[in-house]
Amino acid sequence: MLQRKRPLVAGVLRRVLSDVFGIDHDPVVEVPPQRRLGDLASPCALHLARELRQAPRAIAERLVECLELPEGFERVTVEGPGYVNFHFARSRFAAVMIDAAPVVESGASDAPAKVIVEHTNINPNKAAHIGHLRNAVLGDVLARALRGLGHKTEVQNYIDDTGVQVADVVVGFLDLRDCSVADIEALPEPFDYVCWDLYSEVGRWYEGDPQRLELRRRTLHALEAGEGRRAEAGRLIARRIVARHLATMARIGVDYDLLTHESEILRLDFFVAAFEQLKETGAVRFEESGKNAGCWVMPLADSEEFQGLEDPDKVIVRSDGTVTYVGKDIAYQLWKFGLLGRDFEYAPFRDGPRRGSPLWKTGPAEPDAGDGGAERRPDFGRGARVINVIDARQAYLQRIVRAGLEALGHDGEARDSIHFAYEMVSLSAKTAERLGFSGDSQLEMSGRKGIGVKADDLLDQLEAKSRGEILERRAADGDGEAGEEVDLLARQIAVAALRFFMARATTTRVIAFDIDDATSFEGESGPYLQYSIVRARNIRRRLREEGLAQEVPGSRVATLPAGVWSDDLWDLVLCASQCQEVVERAAATLELSLIARHAVDLAQKFHAIYHRHPILHEQDADLRDARLAVTQVFERSLEALAEILGVPLPERM
RNA sequence: GCGCCUGUAGCUCAGCCGGAUAGAGCGGUGGAUUCCUAAUCCACAGGUCGGGGGUUCGAGUCCCUCCAGGCGCACCA
């Protein structure tokens, strides 16, 4: 809503600046820090003071005298050192807010263009930890924001089922523990927890005798070839772990459209196709001698962004003929844009929980599909924009992938290959110590070393804590039953706490994960948002019980006297009117914390108003309706933001 | 060595294109519950915005430099 008013104000100012002072100036329009100062303001008089050789306030006053008040505004004032401040006609603005959707489609102009978001991408060899949760929450919130803004969005989760990490667990089962494939199959859940321990155990086992690394190499080759007992074990492990990962993510409301498997990229020779292109265009060359003798490398020395590297060439194909990660990733990225000239085969995914829309995986179509093939397969790939949610440590590799597209002449697609980089999650000193790791400073998590907080453990802890809090409150109200409703509410609160914790952090900062901080239900937290909406809903429930109207129509709000809008009430309306531009800016800059912070902002304003402005017991009808209108606007706005954040909103707490 | 990121209250962090008195949460202190449930609210205390230069009418924000910390720069992913 507010985003539509800014150009109005800018236009009026530009016109009057031209008319009165004869200058061409593009005025900045911002929101003043306090509501009593106005709703939209421009510091243009300050900017122009030098050029016009006049005091800023004098310029501002002249502007106010001469300008034509734009539609929807009540007055213009000069404030502070010389700001020109515009004040909305509050009742009319609020009336529009009552009927307007807080977040609407704005990407409609490029509606057919699809955005592919890749996230989660956990190696299928161990349990997910809290670092993976940051990735998944960021990816999921981004996808929700893009969808909310009307972009066609496809979410992919890349499964590296043929890499060293899976190979190590295969070695762990087959060589270290002497299991058969059937033994692995028979292991009880939680299988991912078993692998978590085994994986770090294998790491230590290798250290005990470096000769054992030969087993890793042999297994890796078997996984890539896809044949034999080791490959069979690898497939089984990956399948079981992926099922666990999807179950963990389903707990917090994260889902996907497609699981892309590295094994399929190998099986279908995606890299062969990409390699042909790379050779044809001269993007790679064969090294006859030197450090990289026998390898195919991509030269980076000519590119400005790769200056100062120790080695200006990136190996794409090793001297033993195998392909590096970057090579495979270039092929995969080409496929995402529909530039590879090949496609996957697809099959419905049947090994795990499935939510709203059906989940698909890459792989041979299963002929024995028992459900009559009712599901129609979407058209995967061929994105116009590709956003890869990958931690900041991989920035260099992501740049090489983009350079690969550039080298092939796909400049546009290279520009639209976006690395959504975020910093990792480490453990706070206090939390590391509590978990038994030496805790003199922050500690980086490491799956390889078995250092970390497992995602499901954290969720269990959050659920247990919220259940405790609920029961405590219910007992205090003499309302002690603990049924399914309590379970559901405990889960909702846990999800809100976790998702908000991950979403509120700026992406460029390392999160020092502190267990007390993460499980806090007070202040800036997911439950704080939930509680604010519960209060709004309680007001409506009470109104219904009293037989009073639960909603006030926009037509009524438009006729309210201006005096009902105290600055604090009005401030919430204006804050709510910024949801659209906040979500747009968050999606455009990939700074999703903006959404979380705006949601807190709204909730804080509402909580404060709640105490100062009762509705049920207000006798003055105008005042009551204004307050109810604000409650309505608040509720819809926070609901819209919570939907994007994936924070569930319960009816009561 | 080169590159990227970070340094703001005791702790965790906001601070949009340079602009109005640098803001939250936690923790601390003191208050608010016959009221739409206190998972809330209000008040108070707490700041050399890492240091130093520069640009500007104006710098937490831009430029330079130094200091401190993190992360990258593989025929690992």
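Quantities reported herein were computed from a predicted structural model and do not represent experimental measurements.
Residue contacts shown for A:H613 include a base, since a base heavy atom lies under 4.0 Å away. At a threshold of 4.0 angstrom between heavy atoms, the contacts of A:R36 include nucleobase atoms, whether or not backbone atoms are also involved. A:A41 comes within 4.0 angstrom of a nucleotide base, judged by non-hydrogen atoms across all strands. Across all strands, A:N538 comes closer than 4.0 Å to base atoms (heavy-atom distances). As judged by a 4.0 angstrom heavy-atom cut-off over every strand, A:L543 is placed among residues making no nucleic acid contact. No engagement by A:P56 is indicated, since no non-hydrogen atom pair under 4.0 Å with the nucleic acid exists. Using a 4.0 Å heavy-atom distance criterion, A:S319 is classed as a base contact. Across all strands, A:A293 comes closer than 4.0 Å to base atoms (heavy-atom distances). Heavy atoms of A:L594 sit nowhere under 4.0 angstrom from any nucleic acid atom. Within 4.0 Å (heavy atoms only), A:R585 reaches at least one base atom of the nucleic acid. Within 4.0 Å (heavy atoms only), A:N125 reaches no atom of the nucleic acid at all. Residue A:I316 is out of contact with every strand shown, counting any heavy-atom pair closer than 4.0 Å. Note on A:V510: only backbone sugar-phosphate atoms sit closer than 4.0 angstrom, heavy atoms only; bases stay farther off. Residue contacts for A:Q34: at a heavy-atom cut-off of 4.0 Å it reaches a base atom on one of the strands shown.
B:C73 and B:C11 are spaced 34 Å apart, taking the C1' atom of each and rounding to whole Å. The C1' atoms of B:C49 and B:A39 are separated by 33 Å, rounded to the nearest whole Å. For the P atoms, the distance from B:U48 to B:U61 is 16 Å, rounded to whole Å. The same atom, C1', is picked in B:C67 and in B:G51; the two are 7 Å apart, to the nearest Å.
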For a side-chain hydrogen bond (donor to acceptor under 3.5 Å, both in side chains) check, start with the C-alpha distance between A:S593 and A:E591, then their side-chain angles and the critical distance, and finish with the verdict.
CA-CA 6 Å; A:S593 62; A:E591 191 45 86; 2.8 Å; yes

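Between the NE2 atom of A:H611 and the P atom of B:U33 there is a distance of 12 Å, rounded to whole Å. The nearest whole Å value for the distance from the CZ atom in A:R627 to the P atom in B:C35 is 18 Å. The interatomic distance linking A:L220 (CG) with B:C75 (P) rounds to 16 Å, in whole Å. Taking atom CG of residue A:L397 and atom P of nucleotide B:C4, one finds them 17 Å apart after rounding to whole Å.
Remark: side-chain polar atoms of A:N157 are not paired, donor with acceptor, to backbone N or O of A:T120 under 3.5 angstrom. Not one N or O on the side chain of A:E469 forms a donor-acceptor pair closer than 3.5 Å with the backbone of A:K465.
Regarding contacts with the backbone of B:U6, a side-chain N or O of A:T508 is found under 4.0 angstrom from either OP1 or OP2. The side chain of A:R535 contributes no N or O atom lying less than 4.0 Å from OP1 or OP2 of B:U40. OP1 or OP2 of B:C41 sits under 4.0 Å from a side-chain N or O of A:Y528. For the pair A:Y531 and B:A39, the criterion of a side-chain N or O lying under 4.0 Å from OP1 or OP2 is met.
Using modelled atom types and a 3.5 Å distance limit, the side chains of A:R535 and A:N538 yield no donor-acceptor pair. In summary, the side chains of A:Q394 and A:N388 do not present any donor paired with an acceptor at a separation below 3.5 Å, with no hydrogens or angles considered. Under the 3.5 Å distance criterion, with hydrogens and angles disregarded, a donor-acceptor pair is assigned to the side chains of A:N135 and A:Y422.
Distance check, rounded to the nearest 0.5 Å: CG of A:D567 to CG of A:L37 gives 9.0 Å. Note: A:L569 CG to A:L574 CG = 13.0 Å, rounded to the nearest 0.5 Å.
Summarising the local packing, CG of A:D24 is surrounded by 12 or fewer heavy atoms from other residues, nucleotides or ligands at distances under 6.0 Å.
If you check B:G25 for Watson-Crick or wobble pairing at under 3.5 angstrom, you find it paired to B:C11. In this structure, B:G72 and B:C2 make a Watson-Crick or G-U wobble pair, each of the two defining distances being under 3.5 angstrom. Of the nucleotides present, B:A32 is the one that pairs with B:U40 by Watson-Crick or G-U wobble criteria, both distances under 3.5 Å.
Applying the side chain to side chain contact (heavy atoms under 4.5 Å, CB included) test between A:S566 and each of A:R35, A:H613, A:R627 identifies A:H613 as the sole match. When A:Y158, A:F270, A:Y325 are each tested for a ring-ring contact (aromatic ring centres under 6.0 Å, His included) with A:Y332, only one passes: A:Y158.
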What protein N or O atoms touch nucleotides 54-58 of chain B N or O atoms at under 3.5 angstrom, if any, and at what distances?
unit_1	atom_1	unit_2	atom_2	d
B:C57	OP1	A:R50	NH1	2.0

At a cut-off of 3.5 Å, list every protein nitrogen or oxygen paired with a nitrogen or oxygen from nucleotides 25-30 of chain B, distance to 0.1 Å.
none

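Both A:I609 and A:R612 sit near RNA chain B, but only A:I609 has its closest nucleotide nearer the 5' end. Each of A:M653 and A:R597 lies near RNA chain B, and the nucleotide nearest A:R597 is the one positioned closer to the 5' end.
Anti is the conformation of B:C66, whose glycosidic angle sits further than 90° from 0.
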